[in-house]
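Take a look at the structure below.
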Protein chains: 2
Amino acid sequence: MQEPTLLLLTALSDQPRHGYGIVQEVLAISGGRVKLRTGTLYAALQRLVDEGLIEVHHEEIVDGRARRSYALTGGGRVRLAAEAERLEATAREARRRLSLADRSGFGPAPKGATA
Amino acid sequence: MQEPTLLLLTALSDQPRHGYGIVQEVLAISGGRVKLRTGTLYAALQRLVDEGLIEVHHEEIVDGRARRSYALTGGGRVRLAAEAERLEATAREARRRLSLADRSGFGPAPKGATA
DNA sequence: CACTATATGACGATCATCGGCATATGGAGG
DNA sequence: CCTCCATATGCCGATGATCGTCATATAGTG
């Protein structure tokens, strides 16, 4: 699972939102770093519904145009928790190695080291 | 940056390794979850060298075939640290929201909740 | 003899994301 | 009045990382 998809699920983790609201929320969560393209958004929504990670929470037709809000399913919740755990484990391992390398002298020696 | 690439950088963060060694190390780091395909591996190595995140550490020709080991560059080290931080922040936010939702009653209510 | 481990590399296919376009309404600024 | 921006949904072609497989080579095990 990629970052945009993960952030999308995160945006739905506290309450249901519609497409545009998800874009805003992801933007906020990521500190302005990730702006979901609508192409990414609606393709991902469709995919995630198909996978059963999210579902249509509310739907109405306004001026012949759909207006939908989406919510995380139980499966989506479980999946998001699992992904978060995986991410954290990966990040921890990377940091552990980087600090080990610093101490052992391998690497660029951040600032005025033994070498 | 995707997970396989991130794990590749992590595999190089404590010492230089050659291609096959990276595959083994990534497998170990990820707890057997991620087995880098050679297609992914050598394409990624080329890309990362071009980006300056890794470099060829040692190279020799054995039976007319290259044998190279790769090492993280200073830039790669900085980048990996940044990615780890980003991952951790994302994971933290996902978890925070999931637990908030549990408390507020939104969501599937993991096991025998108020509803 | 077959299979696995070590080891490098190319090729086409797949899939998520990107970037832009189309459409529609309502409000603000010039 | 007209243009721009925010709100809002959705399609489509291009890009790019990864997947899956094939090719090549040696050494060891069953």
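Proteins come first, then strands; the chains are lettered A, B, ... in the order of their sequence lines, and each starts at number 1. Predicted model, so just to flag it, every value in this text is computed and none were measured.
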Next on the checklist: Strictly below 4.0 Å: does A:Thr40 bring a side-chain N or O up to OP1 or OP2 of C:dC18?
Outcome noted: yes
Checklist entry - Taking only N and O in the side chain of A:Arg37, is any of them less than 4.0 Å away from OP1 or OP2 of C:dA16? => result no
Checklist entry - What are the two closest heavy atoms between A:Leu53 and A:Met1, and how far apart are they? => result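 Taking A:Leu53 first and A:Met1 second, the nearest heavy atoms are CD1-CE, 4.3 Å.
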Checklist entry - Nearest heavy-atom pair of A:Pro4 and A:Leu36: which atoms, and what distance? => result CB-CD1, 3.9 Å
Is the closest basic N to carboxylate O distance between [X] and [Y] below 4.0 Å?
| X | Y | value |
| --- | --- | --- |
| B:Arg33 | B:Glu3 | yes |
| A:Glu88 | B:Arg95 | yes |
| B:Arg68 | B:Glu59 | yes |

Checklist outcome for this item: In 5'-to-3' order, the base (B), backbone-only (S) or no-contact (-) status of each nucleotide in nucleotides 4-9 of chain C, using a 4.0 angstrom heavy-atom cut-off, is -SBBBB
Separation of [N] [atom2] from [X] [atom1] (nearest whole Å):
| X | N | atom1 | atom2 | value |
| --- | --- | --- | --- | --- |
| A:Asp50 | C:dA16 | CG | P | 11 Å |
| A:Leu7 | C:dT17 | CG | P | 10 Å |
| B:Leu8 | D:dC19 | CG | P | 12 Å |
| A:Leu45 | C:dT17 | CG | C1' | 14 Å |
| B:Met1 | D:dT15 | CE | P | 22 Å |
| B:Leu6 | D:dT18 | CG | C1' | 15 Å |
| B:Leu9 | D:dT18 | CG | P | 10 Å |
| A:Lys35 | C:dG19 | NZ | P | 12 Å |

Checklist entry - Do the side chains of A:Leu8 and A:Tyr42 join up, straight or via other hydrophobic residues, at under 4.5 Å, putting them in one cluster? => result yes
